[in-house]
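In what follows, a structure is listed as structure tokens, so that the remarks can point back to it.
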Amino acid sequence: VKKSKVKQSKGERDAAASTAGEKEKYGEYKTVSGYVINRDISNYTGMVVINVGSDDGVQPNMTVIADKGLVGNVVSVTSNTAKVQTIVDPASSVSCIISTSKDAFITKGSINNSGREIRATYIPTDAVLVQDTSVETSGLGGIYPKGIHVGTIKEVVNTKNPTDKYATIETAVDFSKLDTVLVILN
């Protein structure tokens, strides 16, 4: 019997370690890991294609996460790929809460995008938003489970009309460097 040795590249080892860390952090979820195989993060769209699909149990509207936090949700699948709308996509909206105060609001992708910026809108007039505060999913809206890290408040903009107040949030995930993801199956 001949034994063969399989060499793993540093990148593959790092990706495997990263995926192991993600699985540990989100252990309460049943997940399948995948790699980004195509990326279209521009001013007009925020889509990625990953190398897992219906053969792996992936279906539309499933949540996609990375080691740092929320990536987005599956919009379409083939047998071995899935298209994911990221949270920086201008058509994306996520129901969020501030980790400390539990004040709720909606985040939307923005057109003028560095690839890491979303905007918080529909902020209650009595809500207190503080720079560098952590933001997570609220669990409302039916797609994203509660408690997944979304990002950090970078700027709060008060307008003449208090109902138009908004905040800029830097996403936890750097979409220009995104390579490994987990799809939540349950």
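All values below come from the heavy atoms of this structure, side chains included, with hydrogens, waters and symmetry mates left out.
Side-chain contact between M62 and L185: present, with at least one pair of heavy atoms (C-beta onward) separated by less than 4.5 Å. Taking the side chain as every heavy atom from C-beta outward, S101 and V128 never approach each other to under 4.5 Å. Counting heavy atoms from C-beta on, the side chains of Q85 and M47 come closer than 4.5 Å.
Under the 4.5 Å side-chain contact rule for hydrophobic residues, V49 and V64 do not share a cluster. I143 and V75 fall into different hydrophobic clusters, where Ile, Leu, Val, Met, Phe, Trp and Tyr are joined by side-chain heavy atoms under 4.5 Å apart, directly or via other members. The same ILVMFWY cluster, assembled from side-chain heavy atoms under 4.5 Å apart, contains both V183 and I148. In this structure, Y29 is a member of the same hydrophobic cluster as V150, with clusters built from ILVMFWY side-chain heavy atoms closer than 4.5 Å. There is no path of hydrophobic side-chain contacts, each under 4.5 Å, that joins I97 to I169.
Remark: the backbone N or O of V130 is paired with a side-chain donor or acceptor of T133 at under 3.5 angstrom.
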When you look at V135 and H149, which way does the side-chain contact (heavy atoms from CB on, under 4.5 Å) test go after all the steps? CA-CA 6 Å; V135 173; H149 185 57; over 6 Å; no
Apply side-chain contact (heavy atoms from CB on, under 4.5 Å) to the pair T107 and I87, showing each step before the final yes or no. CA-CA 8 Å; T107 63; I87 60 173; 5.8 Å; no
Under the criterion side-chain contact (heavy atoms from CB on, under 4.5 Å), I'd like the reasoning laid out for Q59 against V74: C-alpha separation, chi angles, the key distance, then a yes or no. CA-CA 7 Å; Q59 296 172 9; V74 175; over 6 Å; no
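In this structure, the separation between NZ on K30 and CD1 on I184 is 13.0 Å, given to the nearest 0.5 Å. Put simply, CG on D55 and CG on N80 are 6.5 Å apart, with the number rounded to the nearest 0.5 Å. For the atom pair CG (L140) and SG (C96), the distance works out to 10.0 Å, reported to the nearest 0.5 Å. Rounded to the nearest 0.5 angstrom, R116 CZ and D174 CG are separated by 4.5 Å. The NZ atom of K108 sits 15.5 Å away from the OH atom of Y166 when rounded to the nearest 0.5 Å. With values rounded to the nearest 0.5 angstrom, I153 atom CD1 is found 8.5 Å from S134 atom OG.
At a cut-off of 3.5 Å, with distance as the only test, no side-chain donor of T152 or E170 sits close to an acceptor on the other residue.
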